[in-house]
Number of protein chains: 2
Amino acid sequence: MKKRRRFWTVVEKLEALIDKGVYPAGSRLPAERELAEAYDVSRPTIREAIIALEVRERVEVKTGSGVYVTDFAGSDSSLKSISAFELTQARALVEAEAAALAAATIRETELSALKQALDDMSSAEKADEADQRFHEIISRATRNNAIVMSINNLWKVRRNEPQVIAAYKDVCSQGIEQRIKEHTAIYDAIAKRDSSAARKAMHNHFNRLINALFEASEAKALEEIKRKTDETRGLYSISHLTK
Amino acid sequence: MKKRRRFWTVVEKLEALIDKGVYPAGSRLPAERELAEAYDVSRPTIREAIIALEVRERVEVKTGSGVYVTDFAGSDSSLKSISAFELTQARALVEAEAAALAAATIRETELSALKQALDDMSSAEKADEADQRFHEIISRATRNNAIVMSINNLWKVRRNEPQVIAAYKDVCSQGIEQRIKEHTAIYDAIAKRDSSAARKAMHNHFNRLINALFEASEAKALEEIKRKTDETRGLYSISHLTK
DNA sequence: AAGTTCTAATTGGTAATCAATTTTAATCTT
DNA sequence: AAGATTAAAATTGATTACCAATTAGAACTT
């Protein structure tokens with residue numbers, strides 16, 4: 001599986017070095033010829049890699065001078081380490097309002113699709129997909145592309161941020177019937193076109209999630225403390241001396 | 001000002017042709033050598049341009065076969081034509097909740113910065129910048145990076161979507177004292193740590209904006225109708241015959 | 001010390017060449 | 001004639017070598 005073009009591997013290596021701080025923001029990269037020798041590729045290949053980094057706005061090329069690392073500090077604030085708590089709180093707020101809106105604007109066909117998603121949540125293998133579908137139907141039912149975009153972006157964080165994925169992993173699997181119960185409440189409220197009930201039901205759903213996240217993280221924190229304590233205990237223990 | 005590297009001009013031309021539909025999604029671009037001749041540059045330069053397009057995910061390169069245009073239809077759904085109404089509604093919902101949260105979590109230093117932004121709104125040239133700063137301080141005061149991200153993304157739409165820019169242009173300039181009044185109400189509510197008042201004040205602010213947008217678009221629609229009517233009248237008029 | 005000039009380093013860009021891969025067409029086999 | 005095999009053509013992948021344009025810094029002059 002080495003069919004990828006060479007410059008991509010150079011891009012990855014250089015980007016890793018930039019992220020690692022070996023080439024800090026504002027600093028100059030080694031000359032193209034040096035890089036070519038260092039990575040054992042030709043100069044055009046290095047040029048291609050630099051162009052890729054330039055398109056990604058990681059570096060800036062100054063003719064006759066060199067390649068300089070872009071100051072990327074604030075620019076990538078969109079991916080500034082979002083925790084599972086933050087994400088869930090944000091989702092609670094946005095999706096609750098979306099549900100309230102959707103209760104007023106949803107169509108019959110969407111309502112039946114929502115029911116279908118709810119039913120699909122019962123089967124274990126479809127559950128996660130159905131969950132996502134459920135929320136997406138509601139977001140689209142708002143007839144507001146800005147809201148759809150916002151919720152989509154939050155889902156992107158949900159899918160891409162490692163710490164979020166890890167945190168949700170522990171929580172999602174447990175309490176399936178509880179999850180279905182909450183989604184049913186959301187569905188019922190929307191079906192009744194009751195905006196404030198829909199908002200409340202959605203809030204309730206996410207509240208439970210946040211609490212579950214809290215408990216899980218508490219449990220993990222306790223475990224961590226215990227582990228460290230054990231380590232320390234091992235360090236200072238004198239039991240091995242008396243054995 | 002032609003210091004830009006050559007491949008960028010090629011990138012622009014090719015991207016324009018792709019957008020225009022000359023090279024539809026899935027179709028193959030001409031061979032590198034043909035492109036090199038067509039744009040009167042060398043083959044490496046064409047390669048660089050293609051790499052730039054590849055990094056942007058506009059094309060896909062298949063070794064020995066050719067360069068194919070990526071199907072970009074659904075991928076860019078995040079920017080699926082958001083109207084000023086949609087954006088404002090979404091901002092109303094999200095920023096109102098942010099204000100409610102911020103009322104509980106804001107610090108004194110942020111509060112004074114908020115006051116500063118409020119004062120700066122009085123001077124005409126700083127007004128827009130101060131407005132943006134005002135809302136950003138609130139979003140950051142939530143201590144929730146997911147919310148900050150969501151609001152930032154909505155601001156991106158605000159700044160980049162042409163139809164949104166045009167719609168806001170007509171509205172923002174008028175009613176400056178009204179705008180300050182609304183922002184003062186928001187500030188007061190947050191300063192009092194009154195979450196529901198902050199939410200309400202923010203809602204009120206955006207409601208006025210939506211109404212203003214409505215009026216402006218109505219006025220424009222009327223104008224458009226009148227223009228078209230005049231055109232038609234001119235077309236069918238017999239006045240020029242009797243003159 | 002300040003400004004100027006020159007030189008070396010660096011990126012910008014091209015041409016020519018060969019390798020690897022894919023597509024296409026021709027050829028062979030059944 | 002249909003299908004499989006093979007060969008050729010087309011295309012991208014990558015390198016070497018070369019020269020031009022720009023920049024940074026050293027050396028020089030005043």
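Bear in mind that the values here come from a model prediction, so they are computed numbers and not experimental data. Side-chain atoms are counted along with the backbone in the values below, which use heavy atoms only and exclude waters and symmetry mates. Chain identifiers are assigned alphabetically (A, B, ...) following the order of the sequence lines, protein sequences preceding nucleic acid strands; residue numbering begins at 1 within each chain.
Contact annotation: A/Arg43 does not reach the phosphate of D/dA17 (side-chain N/O to OP1 or OP2, under 4.0 Å).
Heavy-atom distances to DNA chain D give each of B/Glu32 and A/Asp40 a nearest nucleotide, and the one nearer the 5′ end belongs to B/Glu32. Each of A/Pro44 and B/Gly66 lies near DNA chain D, and the nucleotide nearest B/Gly66 is the one positioned closer to the 5' end.
The number of heavy-atom neighbours closer than 6.0 Å to CD of B/Glu60, taken from other residues, nucleotides and ligands shown, is 12 or below. The neighbour count for A/Glu37 CD, taken as heavy atoms of other residues, nucleotides or ligands under 6.0 Å away, does not exceed 12.
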Under 3.5 Å, which N/O atoms of the protein pair with N/O atoms of nucleotides 4-8 of chain C?
none

Distances for protein N or O near nucleotides 20-25 of chain D N or O, under 3.5 Å:
none

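For B/Tyr23, the ring-ring contact (aromatic ring centres under 6.0 Å, His included) test picks out no residue, with sequence neighbours left out.
Straight-line distance from the CD atom of B/Glu37 to the P atom of D/dT11: 13 Å, rounded to whole Å. What separates CD1 of B/Ile50 from C1' of D/dT11 is a distance of 11 Å, to the nearest Å. Between the CG atom of B/Leu35 and the C1' atom of D/dA10 there is a distance of 15 Å, given to the nearest Å. Note: CZ (A/Arg47) to C1' (D/dT16) measures 15 Å, nearest angstrom. Note: CD1 (B/Ile46) to P (C/dA15) measures 12 Å, nearest angstrom.
Using a 4.0 Å cut-off between charged side-chain N and carboxylate O, A/Asp40 and A/Arg6 make no salt bridge. A/Glu15 has a carboxylate O that lies under 4.0 Å from a charged side-chain N of A/Arg56, or vice versa, which qualifies the two as a salt bridge. Taking the charged nitrogens against the carboxylate oxygens, A/Arg140 and A/Glu136 do have a contact shorter than 4.0 Å, which makes a salt bridge.
Separation of atoms CZ (B/Phe7) and CD (A/Glu48) is listed at 10.5 Å; rounding is to 0.5 Å.
For the salt bridge (Lys or Arg N to Asp or Glu O under 4.0 Å) with A/Asp128, the qualifying choice from A/Arg179, A/Arg133, A/Arg158 is A/Arg179, the only one to do so.
A/Tyr168 and A/Thr88 share a donor-acceptor pair across their side chains, judged by distance under 3.5 Å alone.
Nearest nucleotide to the side chain of B/Arg5, out of C/dG12, D/dA14, D/dT11: C/dG12.
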